[in-house]
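Here the structure comes first, spelled out in structure tokens, and everything after it is commentary.
By convention in this document, chain letters (A, B, ...) are assigned in the order of the sequence lines, proteins followed by strands, and residues within each chain are numbered from 1.
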There are 2 protein chains.
Amino acid sequence: MATGRNHRPATRSRGIPEATVARLPLYLRALTALSERSVPTVSSEELASAAGVNSAKLRKDFSYLGSYGTRGVGYDVEYLVYQISRELGLTQDWPVVIVGIGNLGAALANYGGFASRGFRVAALIDADPSMTGRQVAGIAVQHVDDLESIIAANDVSIGVITTPGGAAQQVCDRLVAAGVSSILNFAPTVLSVPEGVDVRKVDLSIELQILAFHEQRKAAEDLSRSVSDGVRVSRARRGDQGPEGEIPAVMPA
Amino acid sequence: MATGRNHRPATRSRGIPEATVARLPLYLRALTALSERSVPTVSSEELASAAGVNSAKLRKDFSYLGSYGTRGVGYDVEYLVYQISRELGLTQDWPVVIVGIGNLGAALANYGGFASRGFRVAALIDADPSMTGRQVAGIAVQHVDDLESIIAANDVSIGVITTPGGAAQQVCDRLVAAGVSSILNFAPTVLSVPEGVDVRKVDLSIELQILAFHEQRKAAEDLSRSVSDGVRVSRARRGDQGPEGEIPAVMPA
DNA sequence: ATGCCTTTGTGAACGCGTGCACAAAGATGG
DNA sequence: CCATCTTTGTGCACGCGTTCACAAAGGCAT
């Protein structure tokens, strides 16, 4: 039920809105950068600008965590880093398994952003026997037959699925049965999971299609503007705005 | 200003809500699967189930495109595939450049989901001279010095950034200056772009942090429930719920 | 042709998220 | 100790998105 975007639509996480939770990592990243530059305090305006959000939104977000600011001064960077880290559960270590060590799985295994924030790649799992034992990012790939024991041995609760779409649901079921209750799904599949399991989806193809929609809309606007203004627009040459040549994605006013 | 999630917050795309646009690729995928099985028609209930959404939401989404269903019967699969494809701009070919051919960039270049839906990897670009000329996914990597000419020669309007965070803004600026107006950003950076340029962000680290938040919340709930019920919960052993041992992410009722 | 049955399309209500605007709070200088 | 100035925290209003519930519409059997 839980899809990647607009996550956990009904249940509010007991006080902290989902939209706020989704922004906390953004703030944390900006704060960490400030911390590394030894900046002691930061105002909501500055931090909001660094995180790319509205300052009122940022203040409201922080208000859900508590009153951690000082009026007239701003927020203590170190303190806020700690509070957000704790709220996100990053003060503890999260072992993660990656299932499906293809190009993407290998890329994720090598991705530095994991280790930097409390996430540790506990195991790499693949169904291909010829992959078993191969070192990827310094970790030996294990066979999917041992999935359950690997999960149990490492007390893993977060799984990343980077298998082909056809295998995703099956892998998901096994992960969940083995005790994993949070899944990051890169496979182009709608996973069905029991109540209590969180799924977030990252779908590269969908992201591109959304961009294409807006791109087409912009092209159509440019086209209609160029017709009236006589301005030549590169993208307008592309043509093919549908079979009837009508402007797509534009409802009749 | 445009962040990856909740995209284009103010401007509605002249008739089609952004939330609907984000779901169209989901419907399209489900419909394509039905089409391959030669299913002629589908009801909103069936399709919604396949796409993992509410049927009322699906019907309202389709209502923004027009009245393409037949009451008492459902939707014609082939016709709907065509209409959605056209609406998303997938009837035309979108040349895409990928900048930053590391693990992730290479994974994306090899990703089959691109070509299957009107997207064509027109060029791979990297700043490392030793990468220049190397074949990745059958495409020769080109040097970033030639970025502008590559964009122009291929009439590229969509760029994918998979560089390290430090290089992302610079690459972004050059892409935009060269005429790219839609960017898919995998770098952990808040990109600032001029008006009219769309940016979608995919941040693996952020997705994991959101999962960790919910995971921690579930662990805290399990913990408090196990205290009263005497149920032993695996995750409860993990401990370390913050320095005061209080339950995090739970506002006092 | 007529009545029934299924399914769409949508009006209306509700809830969440956002942003404005301001009062409260606290630091700082005299 | 008081005045001033900065910045937080939040009440409020607004708009978008979701969901319900039902009337309209069309197929189908008799």
Side-chain angles (χ1 to χ4, degrees), chain A residues 1-3 5-24 26-27 31 39-77 79-80 83 210 251, chain B residues 1-3 5-24 26-27 31 39-77 79-80 83 210 251:
Chain A
M1 180 55 58
T3 56
R5 305 297 123 88
N6 71 351
H7 188 60
R8 212 168 249 268
T11 317
R12 160 166 302 198
S13 297
R14 196 126 70 193
I16 301 187
E18 186 60 27
T20 295
V21 172
R23 280 188 294 267
L24 289 182
L26 222 51
Y27 302 144
L31 285 165
V39 177
T41 60
V42 65
S43 72
S44 65
E45 200 70 49
E46 293 168 311
L47 185 54
S49 162
V53 301
N54 184 302
S55 73
K57 197 188 302 193
L58 179 141
R59 286 198 301 274
K60 181 146 290 192
D61 283 342
F62 285 175
S63 77
Y64 292 114
L65 309 183
S67 285
Y68 294 150
T70 307
R71 298 179 189 228
V73 176
Y75 299 91
D76 183 283
V77 171
Y79 187 57
L80 205 46
Q83 289 299 341
I210 296 171
M251 298 285 266
Chain B
M1 180 55 59
T3 56
R5 305 296 120 88
N6 73 353
H7 188 62
R8 209 166 252 268
T11 318
R12 161 166 302 199
S13 298
R14 194 127 68 192
I16 301 186
E18 186 59 28
T20 296
V21 172
R23 281 188 294 268
L24 290 182
L26 222 52
Y27 302 144
L31 285 165
V39 177
T41 61
V42 65
S43 72
S44 65
E45 201 71 49
E46 294 169 308
L47 185 55
S49 163
V53 301
N54 185 301
S55 72
K57 199 189 297 193
L58 179 140
R59 285 198 300 277
K60 179 142 289 194
D61 283 342
F62 285 176
S63 78
Y64 292 114
L65 309 184
S67 285
Y68 293 151
T70 309
R71 298 178 190 228
V73 177
Y75 299 91
D76 183 283
V77 171
Y79 187 57
L80 205 47
Q83 288 299 342
I210 296 172
M251 298 287 266

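With values rounded to the nearest 0.5 angstrom, B:L58 atom CG is found 9.5 Å from B:E45 atom CD. A distance of 9.5 Å separates OG in B:S44 from CG in B:N54, rounded to the nearest 0.5 Å.
Taking atom CG on B:L65 and atom P on C:dT8, their separation rounds to 15 Å, with Å as the unit. Separating the CG atom of B:N54 from the P atom of D:dA21 is a distance of 12 Å, rounded to the nearest angstrom. The distance from atom CZ of B:F62 to atom C1' of D:dG17 is 17 Å, rounded to the nearest whole Å. Rounded to an integer number of Å, the gap from CG of B:D76 to P of D:dG27 is 13 Å. Taking atom CD of B:E45 as the reference point, atom C1' of C:dT8 lies 12 Å away to the nearest angstrom. As a whole-Å value, the separation of B:L58 CG from D:dT19 P is 12 Å. Computed from coordinates, the B:E18 CD to C:dT18 P distance equals 14 Å when rounded to whole Å. Here the P atom of nucleotide D:dT8 and the OH atom of A:Y64 are 17 Å apart, to the nearest Å.
Of the side-chain N and O atoms in B:K57, one or more sit less than 4.0 angstrom from OP1 or OP2 of D:dT19. In this model, the phosphate group of D:dT8 is approached by a side-chain N or O of A:S44 to a distance below 4.0 Å at OP1 or OP2.
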Query - From CA spacing to verdict: side chain to side chain contact (heavy atoms under 4.5 Å, CB included), B:L24, B:L65 - result: CA-CA 10 Å; B:L24 290 182; B:L65 309 184; 4.0 Å; yes

Requested in this report: May I have the step-by-step check of side chain to side chain contact (heavy atoms under 4.5 Å, CB included) for B:K60 and B:T20, ending in yes or no?
Outcome: CA-CA 9 Å; B:K60 179 142 289 194; B:T20 296; over 6 Å; no

Query - Criterion side chain to side chain contact (heavy atoms under 4.5 Å, CB included) on A:D76 and A:T70, from CA distance to verdict - result: CA-CA 8 Å; A:D76 183 283; A:T70 307; over 6 Å; no

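Nearest nucleotide to the side chain of A:A19, out of C:dG17, C:dC20, C:dT10: C:dG17.
When heavy atoms are screened at a 4.0 angstrom cut-off, B:Y75 is found touching the sugar-phosphate backbone but no base atom.
Put simply, the side chain of A:K60 and the base of C:dG17 share no donor and acceptor less than 3.5 Å apart.
Of the possible polar contacts, one joining the B:S43 side chain to the B:E46 backbone as a donor-acceptor pair under 3.5 Å is found.
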Within the sub-3.5 Å range, which N or O atoms of nucleotides 22-26 of chain C have a protein N or O partner, and how far apart are they?
| residue | atom | partner | partner atom | Å |
| --- | --- | --- | --- | --- |
| C:dA24 | N3 | A:R71 | NH1 | 2.6 |
| C:dA25 | O4' | A:R71 | NE | 3.4 |

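Applying the ring pair (Phe, Tyr, Trp, His ring centres under 6.0 Å) test to B:F62 and every residue at least two apart in sequence or in another chain returns B:Y27, B:Y75.
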